[in-house]
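Data block below; observations after.
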Amino acid sequence: MLILKTVAEVKNFIKNVKEADKTIGFVPTMGYFHKGHLALMKCSKEQCDVTVVSIYVNPMQFGANEDFKSYPKDLERDAELAEQAGVDVLFVPEDKEIYPEGFNTKVEVGEDLTKKLCGIRRPGHFTGVTTVVLKLFNIVKPDYAYFGEKDIQQLLVIKRMVRDLNLDVEIVPVKTMREADGLAMSSRNAYLNPDERKAAAVLYRSLLKAKKAWEEGERSAEKLCDIARDELLCEPLAKVEYVEIYSYPDLKPLDEVKGAAVLALAVRIGKARLIDNVILGVEK
Ligand code: AMP
């Protein structure tokens, strides 16, 4: 596995891959790998000739009071895991590679997708995501790029960017990988102490409770959100940020859940801000 640090090195590598007519799979990440990241890499390995993974904690997608400075890092371990996963290139750029002196461009997807859920609570977050992901796509030129359903709004925003800007990349969604108690794997789970870690199982438990009610015929968006919120409120360590339901995949507000919908929530437990979701009404 190659570990490359500059845009020029990656572009040069990619040029050779393209000349050999090989397909490129790309997995953008912020590092501190867990089984969710590894599932994305596995999908890329299965589908593509060459797999490129990036690790970049993108300052542009963090708010002033967020965890940019404390975001967990372990490049040595990440490199080992990526190598074991069969990754061909690990791209680990420094800030000056991504945002050189004078950088002043933003890529912004419309408010119908970005001004709700995490987009409201983290102003500018998705602009930071789309700007860096478009840059990474232009550097890596992937045929396929893999994104986790755990970050469902991010996945939908990226898909919209790709469609609206006619990018030649297919976005491949990957199912959420979970711990045994249902907690979605996340680098931010590292912030939880043992009591908080136990408490964090409440996120998925709440989603499943609402999903069960939906399966039993409940169609009121408000009631389904209340079922999830009530379960969250039973956990004293959980501070609810939002519990919302929207149509899927266009994220329109709903009163009645008639077609496909996504029930999403964000919760603070200790120092961690955790998100999770379930999709209702889509055959999987
Ligand atoms: P991150 O490093 O947290 O920015 O995540 C990098 C990619 O991994 C994103 O596409 C995430 O949606 C995806 N991802 C994160 N957690 C999981 C998970 N538990 N299961 C599947 N994919 C995930």
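Any value given below was found using the heavy atoms of this structure, including those in side chains, with hydrogens, waters and symmetry copies removed.
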For this session: Determine, step by step, whether Lys271 and Asp67 satisfy the salt bridge (Lys or Arg N to Asp or Glu O under 4.0 Å) criterion, reporting the C-alpha distance in whole Å, the side-chain angles of both residues, the deciding distance to 0.1 Å, and the verdict.
Result: CA-CA 9 Å; Lys271 286 197 281 291; Asp67 57 344; over 6 Å; no
Problem set entry | Short side-chain donor-acceptor distance under 3.5 Å, Gln61 and Asn58 | yes
Problem set entry | Linked, directly or transitively: Leu40 and Val169 (ILVMFWY side chains, under 4.5 Å) | no
For this session: Output yes when a side-chain donor or acceptor of Thr131 lies under 3.5 Å from a complementary backbone atom of Val107, and no otherwise.
Result: yes
Problem set entry | Path from Val240 to Val202 over hydrophobic side-chain contacts below 4.5 Å | yes
Exercise. Between Asn277 (side chain) and Glu149 (backbone), is there a donor-acceptor pair under 3.5 Å?
Worked result: yes
For this session: Using a strict 4.0 Å threshold on nitrogen-to-oxygen distance, state whether Glu235 and Arg229 make a salt bridge.
Result: no
For this session: Might you confirm whether atom CD of Glu215 has over 12 heavy atoms from other residues, nucleotides or ligands at distances under 6.0 Å?
Result: yes
Exercise. Can you list the steps and then say if Leu232 with Val267 is a side chain to side chain contact (heavy atoms under 4.5 Å, CB included)?
Worked result: CA-CA 9 Å; Leu232 289 172; Val267 173; 3.9 Å; yes
Exercise. What is the distance from atom NZ of Lys252 to atom OG of Ser247, rounded to the nearest 0.5 Å?
Worked result: 6.5 Å
For this session: Report whether Leu136 and Phe68 are members of the same hydrophobic cluster (ILVMFWY, side-chain heavy atoms less than 4.5 Å apart, transitive linking).
Result: no
For this session: Evaluate whether atom NZ of Lys73 has more than 12 neighbouring non-hydrogen atoms of other residues, nucleotides or ligands under 6.0 angstrom away.
Result: yes
For this session: Determine, stepwise, if the pair Leu2 / Asp88 fulfils side chain to side chain contact (heavy atoms under 4.5 Å, CB included).
Result: CA-CA 6 Å; Leu2 288 170; Asp88 298 283; over 6 Å; no
Exercise. Under 6.0 Å from the NZ atom of Lys116, do we count more than 12 heavy atoms belonging to anything else shown?
Worked result: yes
Problem set entry | Derivation of the salt bridge (Lys or Arg N to Asp or Glu O under 4.0 Å) call for Arg205 and Glu231 | CA-CA 8 Å; Arg205 197 162 66 238; Glu231 185 68 23; 3.2 Å; yes
Problem set entry | Ile152 and Ile279: CA distance, side-chain angles, deciding distance, side chain to side chain contact (heavy atoms under 4.5 Å, CB included) verdict | CA-CA 9 Å; Ile152 194 71; Ile279 297 168; 3.8 Å; yes
For this session: Over 60° means perpendicular and under 30° means parallel, so classify the ring planes of Tyr99 and Tyr56, tilted if in between.
Result: tilted
For this session: Verify the neighbour count for atom CD of Glu66: are there more than 12 heavy atoms of other residues, nucleotides or ligands below 6.0 Å?
Result: yes
Exercise. Do Asp78 side-chain atoms and Phe33 backbone N/O form a donor-acceptor pair below 3.5 Å?
Worked result: yes
Problem set entry | Where Glu218 and Ser220 come nearest, the two heavy atoms and their spacing | OE2-N, 3.0 Å
Exercise. Do Glu108 and Thr127 get their side chains close enough for a donor-acceptor pair, meaning under 3.5 Å?
Worked result: yes
Exercise. Can any side-chain N or O of Gln153 pair as donor or acceptor with the backbone N or O of Leu113 at less than 3.5 Å?
Worked result: yes
Exercise. Is it true that atom CG of Asp164 has more than 12 heavy atoms of other residues, nucleotides or ligands lying nearer than 6.0 Å?
Worked result: yes
Exercise. Has the side chain of Asp143 got a donor or acceptor atom that lies under 3.5 Å from a matching backbone atom of Ile24?
Worked result: yes
Problem set entry | Distance-only side-chain donor-acceptor flag, Tyr204 / Asp181, under 3.5 Å | no
Problem set entry | Val109 backbone acceptor or donor facing Thr114 side chain under 3.5 Å | yes
For this session: Carefully, step by step, assess Leu183 and Arg178 under the rule side chain to side chain contact (heavy atoms under 4.5 Å, CB included).
Result: CA-CA 5 Å; Leu183 175 64; Arg178 300 183 179 280; over 6 Å; no
Exercise. Is it the case that one hydrophobic cluster holds both Tyr146 and Val129, taking links as side-chain heavy atoms less than 4.5 Å apart, direct or via other members?
Worked result: no
Exercise. OG/Ser187 to NE2/His34 distance, rounded to the nearest 0.5 angstrom?
Worked result: 4.0 Å
Exercise. Roughly how far, to the nearest 0.5 Å, is the SG atom of Cys43 from the OH atom of Tyr144?
Worked result: 12.5 Å
Exercise. Between Thr23 (side chain) and Cys48 (backbone), is there a donor-acceptor pair under 3.5 Å?
Worked result: no
Exercise. With a 4.5 Å heavy-atom cut-off, do Glu94 and Thr6 have their side chains touching?
Worked result: no
Exercise. With a cut-off of 6.0 Å (strictly less than), are more than 12 heavy atoms of other residues, nucleotides or ligands near NZ of Lys42?
Worked result: no
Exercise. Do the side chains of Phe137 and Val89 join up, straight or via other hydrophobic residues, at under 4.5 Å, putting them in one cluster?
Worked result: yes
For this session: From the options Leu224, Leu263, Leu280, select the one residue that forms a side-chain contact (heavy atoms from CB on, under 4.5 Å) with Lys211.
Result: Leu280
Exercise. For atom NZ of Lys223, is the number of surrounding heavy atoms from other residues, nucleotides or ligands below 6.0 Å larger than 12?
Worked result: no
Exercise. For atom CG of Asp168, is the number of surrounding heavy atoms from other residues, nucleotides or ligands below 6.0 Å larger than 12?
Worked result: no
Exercise. Is there a donor-acceptor pair under 3.5 Å between the side chain of Lys22 and the backbone N or O of Val50?
Worked result: no
